[in-house]
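Here the structure comes first, spelled out in structure tokens, and everything after it is commentary.
The basis for the numbers below is simple: all heavy atoms, side chains too, and nothing from hydrogens, waters or symmetry mates.
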Amino acid sequence: MRVAGRLTAKRVFGKLIFARLRDESGDLQVSFEKGVTESPVADLEGVKFAKKYLDLGDIIGVEGEVYRTQKGEVTVRVHRFQFLAKGLRNLPEKWHGLRDKELRYRHRYLDLVSRPEALETFRKMSEILQWIRRFFLERGFLEMPTPVLQPVYGGAFAKPFTTYSHALDTTLYLRISDELYLKRLLVGGYERVFEFSRDFRNEGIDRLHYPEFTILEAYAAYWDYHDMMRLIEDLFHDAVVAFQGSETLEYQGRTLNFQRPFRRMDFVEALAERLGFDPLQAPDSQLKQAAEQHGVDPRHPRHRLLDKLFDRLVGDHLQDPTFVLDHPLVLSPLAKRHREKPGRVERFELFVAGMELVNAFSELNDPLDQRRRFEEQLALRKAGDQEIPLEIDEDFLMALELGMPPAGGIGIGLERLLMLLLNEASIRDVLLFPQLRPRLEE
RNA sequence: GGGCCGUUAGCUCAGUAGGUAGAGCACCGGAUUUUUAAUCCGGGGGUCGCAGGUUCGAUUCCUGCACGGCCCA
């Protein structure tokens with residue numbers, strides 16, 4: 001048989017060598033024997049050549065016969081071999097692998113080469129991505145790529161990365177969201193669309209945040225947020241079953257239960273319960289006082305305080321998957337007004353393990369209301385909220401004016417979902433090549 | 001932005017109550033025909049993150065900086 005791989009172990013016994021060859025499928029032992037293994041060169045016997053010139057890290061191809069050693073291990077007795085690539089650098093330590101997180105992040109290839117667990121984690125990541133893609137395709141969603149470079153950024157609260165097109169002689173932004181483009185597709189006539197949207201937000205990095213990340217957005221015409229909740233329940237439940245083999249998931253030492261239905265909780269009621277007063281009726285002074293009391297910066301504008309207080313008092317503590325429902329209108333300029341609760345929208349967020357995993361609405365499709373809400377947002381921006389986009393996307397409003405069917409929409413924090421399914425504590429552990437500060441010597 | 005911790009050989013880590021450093025793996029040389037982190041003998045390899053300060057002398061003590069990790073904002 002013929003096989004190729006990287007040499008990851010080499011044990012020399014005089015006229016016999018055992019070596020381990022690793023390829024993507026795993027490890028295979030090969031042996032070089034005097035009188036059997038041909039030398040690639042004329043002036044040095046085969047085993048002597050292998051002893052002298054084969055190093056750990058080299059990639060070689062071998063040809064030989066399969067047998068079992070005295071200890072019973074399946075092994076290829078090498079008749080002929082050749083170098084396919086010479087490794088000029090030492091492999092990390094064979095027993096501990098690469099422990100230094102900085103080196104793992106900066107040189108992921110070293111991490112992958114030296115730790116089979118890392119190779120397995122990212123292989124599984126790829127399978128999860130395909131599984132999710134299939135989940136949407138099977139339900140009639142079309143995958144639609146939309147622009148990463150946008151003339152007006154919108155669809156979320158965030159500071160953008162700004163760039164410039166020489167060809168178009170105009171400023172462009174790396175998208176912070178693809179929401180307003182997928183909605184244009186609903187206007188155009190597609191009823192179910194989705195995109196793995198690589199988004200860019202020029203903000204801090206921590207366990208849960210990274211400037212370049214992925215939101216899986218999906219929109220379905222004639223659905224509302226209740227329909228979307230059922231879809232999300234199915235997605236999370238089925239993903240956990242598919243990749244864990246049960247309805248529970250071990251995450252960072254906790255057992256999370258994904259049995260349906262997930263718990264549901266009203267945003268305002270839950271927050272009121274923890275605060276001891278109604279946050280929507282309360283004067284600013286009372287909210288600021290509560291913020292101070294709970295370690296939230298009270299200088300945030302009122303609408304941000306609501307959001308931050310909720311995360312601090314409620315969201316951070318939600319372990320098993322929980323839908324938080326019906327947010328205050330001011331926090332959600334793209335969501336439809338609630339059909340019963342005044343001052344609220346039809347929206348949900350899914351929290352798991354204290355993380356916000358999903359954000360979803362019954363989408364606002366009233367162009368007049370949308371314009372009014374954008375203008376209110378603009379006023380908040382001018383009052384100092386830097387995370388609100390500076391400009392109104394007039395082209396998007398024009399699309400709405402043409403008529404967008406009522407729709408349900410979701411955004412899933414993809415890396416966070418991967419963190420859950422791969423049991424990783426930090427977003428950087430599910431990113432292949434996370435960016436770090438440049439080192440001076442490099 | 002703040003707090004704590006870390007940075008010593010290619011990797012994993014010791015260490016020096018201040019006198020310029022060690023181990024294992026890896027690498028080089030030797031022995032070895034059944035190993036599984038093989039073993040045995042020998043060898044080479046370090047601006048001890050960077051810059052100042054204290055000191056006769058700093059990798060070690062102090063300060064600042066850089067990079068990273070964890071936690072907080």
Residues A:D385, A:R381: salt bridge by 4.0 Å N-O rule:
no

How would nucleotides 6-15 of chain B be written as a contact map, 5' to 3', with B for base contact, S for sugar-phosphate-only contact and - for no contact, using protein heavy atoms under 4.0 Å?
----BBSS--

Quick one: list whatever passes side chain to side chain donor-acceptor pair (under 3.5 Å) with A:R99, sequence neighbours left out.
none

Taking 4.0 Å as the cut-off, does a side-chain nitrogen or oxygen of A:R89 come that near to OP1 or OP2 on B:A26?
no

Go through the steps for A:E375 and A:I392 under the test side-chain contact (heavy atoms from CB on, under 4.5 Å), then give the verdict.
CA-CA 8 Å; A:E375 281 164 0; A:I392 290 176; 4.0 Å; yes

Side-chain atoms of A:W95 come closest, of B:A26, B:A37, B:U33, to B:A37

Distance check: side-chain N/O of A:K52 vs OP1/OP2 of B:G29, anything under 4.0 Å?
yes

Geometric cation-pi criterion, A:R260 with A:F236: 6.0 Å, 45°:
no

Side-chain N or O of A:K101 versus OP1/OP2 of B:C70: is the shortest distance under 4.0 Å?
yes

Answer with yes or no whether A:E73 presents, from its side chain, a donor or acceptor under 3.5 Å of a partner atom in the base of B:U36.
yes

When you measure from the centre of the six-membered ring of A:F361, is the NZ or CZ of A:R347 closer than 6.0 Å and no more than 45° off the axis?
no

Could you identify the nucleotide paired to B:G18, looking across every strand shown and requiring Watson-Crick or G-U wobble geometry with both distances under 3.5 Å?
none

Dump every N/O contact between nucleotides 39-48 of chain B and the protein below 3.5 Å, one line per pair.
none

Checking base pairs now: Watson-Crick or wobble, both atom distances under 3.5 Å. What partners B:A66?
B:U7

Please classify the nucleic acid contact of A:R312 as base, sugar-phosphate, or nothing, using heavy-atom distances under 4.0 Å.
sugar-phosphate

dist A:R371:CZ -> A:D369:CG (nearest 0.5 Å) comes out at 12.0 Å

Please report the distance separating the P of B:G69 from the corresponding atom of B:C25, rounded so that it comes out in whole Å.
31 Å

Pairing of A:D284 and A:R302 as salt bridge, 4.0 angstrom limit
yes

